[in-house]
A.B. asks: 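If you scroll down you'll find the structure; I have some questions about it.
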Amino acid sequence: MLDAAGHSDAVIFVSNDIDENVVNALNTQGARIDTYGVGTKLKIAFLMDKHTTIGIDCVAMCVNDIICCGAKPQFFLDYIALGKNVPEKVASIVSGVAEGCVQSGCALVGGETAEMPGFYPEDEYDVAGFAVGVVDKSKILNMDSQKEGDVLIAMQSSGVHSNGFSLIRNVFTVNEQNLARHFSDLGTTLGDCLLTPTKIYVNAIQQLLAEVQPKSIAHITGGGFYENIPRALKKGLSAKIDRSDVQVLPIFDLIAKTGKIPEHDMFNTFNMGVGMMVCVAQEDADKAIRILNAAGEHAYVLGELVASDEGVILK
């Protein structure tokens, strides 16, 4: 089935040529398949000539989607297209991909590097990834059990992650000089803050799934709260969130102030400091937060479910 954005929640390929043992296994196992790129965050890497973390972003965007149905990432493949094959640069990019796979516990089973002179400038490239996860069909998260009073838990992001960079580059008129500027509120330079890799939540979510059954999980990517959270809610229910409960990271305050961006637009574009949202029964909330925090995350109560068709009620 396709969601509102046209993404497939679970896809299984079966043909008459597949081994009978594989087909039998698919009777009880579901596969979640995801593909993603890094977008114009790459422009920041080009300007700073730093390429070791972009691969982490590529893996993160795929595996963080996969875990939203309860699946565990199994393997990953990358695709790198560039104007000129500079071995040292490619090695830096792939080192990030490998690190992302280590963090997510999935195998890097292959990839492709395509040199495309005349199509890409010599010093630029694009990166995309493809990942597959597996979940027992009986354990696929099902939002049908959601009800009023269920608790929404926030898992803090590491920063902007990998969405909204076209707007960011316009807001800051990004160049080498601006990226090197140090901001006290950020505790680092603008460039280093923006290039911080997307947080990978696989380990923490797997630990949570071992002890608590979430009702849904949402990966907060492009479209922010208003587009991503409703996808993880049953029809007739909305997320009620007190704005003061959202622990917004300093980078988002800086973006909003510099670009004079209305708050609604910020929450409709960026993760605002919340990389993942987990919906659990009220009686499971405290336990879930303890598990996530013990796994190294910063988790807290974000809001609750109420009867409404608004999707997100943020006040």
A.B. asks: Within a radius of less than 6.0 Å around CD of Gln247, do more than 12 heavy atoms belonging to other residues, nucleotides or ligands occur?
C.D. replies: yes
A.B. asks: Keeping Asp185 on the side-chain end and Ile251 on the backbone end, is there a donor-acceptor pair under 3.5 Å?
C.D. replies: no
A.B. asks: Going by atom types alone, do Thr52 and Ser95 pair a side-chain donor with an acceptor below 3.5 Å?
C.D. replies: no
A.B. asks: Verify side chain to side chain contact (heavy atoms under 4.5 Å, CB included) between Lys43 and Val174, making sure each step is shown before the conclusion.
C.D. replies: CA-CA 9 Å; Lys43 289 287 189 180; Val174 166; over 6 Å; no
A.B. asks: Donor-acceptor check, side chain of Thr173 to backbone of Arg169, threshold 3.5 angstrom: yes or no?
C.D. replies: no
A.B. asks: Ring centroids only, cut at 6.0 angstrom: are Tyr79 and Phe130 within range, meaning strictly under it?
C.D. replies: no
A.B. asks: Taking a hydrophobic cluster as the set of Ile, Leu, Val, Met, Phe, Trp and Tyr residues connected by side-chain heavy atoms closer than 4.5 Å, whether directly or through intermediates, do Ile54 and Tyr120 fall within one such cluster?
C.D. replies: no
A.B. asks: Give the minimum heavy-atom separation between Leu254 and Leu190, together with the two atoms involved.
C.D. replies: CD2-CD1, 4.5 Å
A.B. asks: Are any of the side-chain nitrogens in Lys50 or Asp192 under 4.0 Å away from the carboxylate oxygens of its partner?
C.D. replies: yes
A.B. asks: Only pairs at least two apart or in different chains count here, so list each ring-ring contact (aromatic ring centres under 6.0 Å, His included) that has a residue in residues 131-162.
C.D. replies: none
A.B. asks: Answer whether the closest heavy-atom distance between the side chains of Asp284 and Gln213 falls below 4.5 Å.
C.D. replies: no
A.B. asks: Between Leu82 and Asn85, does the side chain to side chain contact (heavy atoms under 4.5 Å, CB included) criterion hold? Intermediate values first, please.
C.D. replies: CA-CA 7 Å; Leu82 31 68; Asn85 189 343; 4.1 Å; yes
A.B. asks: Could you tell me whether a side-chain N or O of Lys234 sits under 3.5 Å from a main-chain N or O of Asp144, the two making a donor and an acceptor?
C.D. replies: yes
A.B. asks: Give the ring-plane orientation class for Tyr125 versus Phe46, where under 30° counts as parallel, over 60° as perpendicular and anything between as tilted.
C.D. replies: perpendicular
A.B. asks: On a heavy-atom basis, which atom in Thr198 and which in Ser162 lie closest, and how many Å separate them?
C.D. replies: OG1-OG, 2.8 Å
A.B. asks: Do Tyr201 and Asn64 have side chains that approach each other closer than 4.5 Å (heavy atoms only, starting at C-beta)?
C.D. replies: yes
A.B. asks: Identify the heavy atoms of Thr196 and Ser158 that sit nearest to each other, and give their distance.
C.D. replies: CG2-O, 3.6 Å
A.B. asks: Is there a donor-acceptor pair under 3.5 Å between the side chain of Thr258 and the backbone N or O of Val171?
C.D. replies: no
A.B. asks: Can you confirm whether Val306 sits close enough to Ile313 that some side-chain heavy atom of one is under 4.5 Å from a side-chain heavy atom of the other?
C.D. replies: yes
A.B. asks: If I compare all heavy atoms of Glu227 with all of Asn268, which pair ends up nearest, and what's the gap?
C.D. replies: OE2-ND2, 3.5 Å
A.B. asks: How long is the gap from CE on Met277 to CG on Leu302, to the nearest 0.5 Å?
C.D. replies: 8.0 Å
A.B. asks: Answer whether the closest heavy-atom distance between the side chains of Lys89 and Asp123 falls below 4.5 Å.
C.D. replies: yes
A.B. asks: Any salt bridge linking Asp150 with Lys215? Criterion: basic side-chain nitrogen under 4.0 Å from a carboxylate oxygen.
C.D. replies: yes
A.B. asks: Side-chain contact test, heavy atoms from C-beta onward, threshold under 4.5 Å: evaluate it for Leu152 versus Val301 and give yes or no.
C.D. replies: no
A.B. asks: What's the verdict on side chain to side chain donor-acceptor pair (under 3.5 Å) for Asn228 and Thr221, showing C-alpha distance, side-chain angles and the deciding distance?
C.D. replies: CA-CA 7 Å; Asn228 291 285; Thr221 56; 3.3 Å; yes
A.B. asks: With rounding to the nearest 0.5 Å, note down the distance linking CD1 in Ile80 to CG in Asp126.
C.D. replies: 10.0 Å
A.B. asks: Please examine the side chains of Pro117 and Glu115, heavy atoms only from C-beta on, and report whether any two atoms are closer than 4.5 Å.
C.D. replies: yes
A.B. asks: Starting from Val94, can I reach Ile56 by hopping between I/L/V/M/F/W/Y residues whose side chains sit under 4.5 Å apart?
C.D. replies: no
A.B. asks: One pair to check against side chain to side chain donor-acceptor pair (under 3.5 Å): Glu211 and Gln207. What are the steps and the verdict?
C.D. replies: CA-CA 7 Å; Glu211 298 189 50; Gln207 291 189 45; over 6 Å; no
A.B. asks: Do Val132 and Pro73 come within less than 4.5 Å of each other through their side chains, counting heavy atoms only?
C.D. replies: no
A.B. asks: Which of these, Leu208, Val280, Val274, sits in a side-chain contact (heavy atoms from CB on, under 4.5 Å) with Ile153?
C.D. replies: Val280
A.B. asks: Hydrophobic clusters here meaning ILVMFWY residues chained together by side-chain heavy-atom distances under 4.5 Å, can you tell me if Val248 and Leu194 are in one?
C.D. replies: yes
A.B. asks: Please step through side chain to side chain contact (heavy atoms under 4.5 Å, CB included) for the pair Ile93 and Asp78, ending with a clear verdict.
C.D. replies: CA-CA 10 Å; Ile93 299 168; Asp78 64 54; over 6 Å; no
A.B. asks: Taking atom CZ of Phe183 as the centre, does the number of heavy atoms from other residues, nucleotides or ligands within less than 6.0 Å exceed 12?
C.D. replies: yes
A.B. asks: Okay, side chain of Gln74, backbone of Lys72: is any donor-acceptor separation there less than 3.5 Å?
C.D. replies: yes
A.B. asks: Parallel, tilted or perpendicular: which one describes the rings of Phe267 and Phe225, with boundaries at 30° and 60°?
C.D. replies: perpendicular
A.B. asks: Go through the steps to decide whether Asn163 and Asn271 satisfy the test side chain to side chain contact (heavy atoms under 4.5 Å, CB included), and finish with yes or no.
C.D. replies: CA-CA 8 Å; Asn163 301 101; Asn271 68 62; over 6 Å; no
A.B. asks: Regarding Asp57 and Lys41, does a basic nitrogen lie under 4.0 Å from an acidic carboxylate oxygen?
C.D. replies: yes
A.B. asks: Might you confirm whether atom CD of Glu283 has over 12 heavy atoms from other residues, nucleotides or ligands at distances under 6.0 Å?
C.D. replies: yes
A.B. asks: Any chance you could measure Ser238, atom OG, to Leu314, atom CG, to the nearest 0.5 Å?
C.D. replies: 12.0 Å
A.B. asks: Is there a path of hydrophobic side-chain contacts, each under 4.5 Å between heavy atoms of I, L, V, M, F, W or Y residues, that connects Ile205 with Ile200?
C.D. replies: yes
A.B. asks: Are Val90 and Leu108 linked, directly or through intermediate hydrophobic residues, by side-chain heavy-atom contacts shorter than 4.5 Å (ILVMFWY only)?
C.D. replies: no
A.B. asks: Is it the case that atom CG in Asp265 sees more than 12 heavy atoms from other parts of the structure closer than 6.0 Å?
C.D. replies: yes
A.B. asks: Working to the nearest 0.5 Å, report the span between CG of Leu292 and NZ of Lys287.
C.D. replies: 12.0 Å
A.B. asks: Restricting to non-hydrogen atoms, name the atom on Ala60 and the atom on His219 that form the minimum distance, rounded to 0.1 Å.
C.D. replies: O-CE1, 4.3 Å
A.B. asks: Minimum heavy-atom separation for Ala128 and Cys58, please, with both atom names.
C.D. replies: C-SG, 3.3 Å
A.B. asks: Nearest 0.5 Å, what's the CD1-CZ distance between Ile217 and Arg231?
C.D. replies: 15.5 Å
A.B. asks: Do the non-hydrogen side-chain atoms of Leu233 and Gln146 ever get within less than 4.5 Å of each other?
C.D. replies: yes
A.B. asks: State plainly whether the residues Asp34 and Arg32 are in salt-bridge range, i.e. N to O under 4.0 Å.
C.D. replies: yes
A.B. asks: Roughly how far, to the nearest 0.5 Å, is SG of Cys62 from OH of Tyr36?
C.D. replies: 9.0 Å
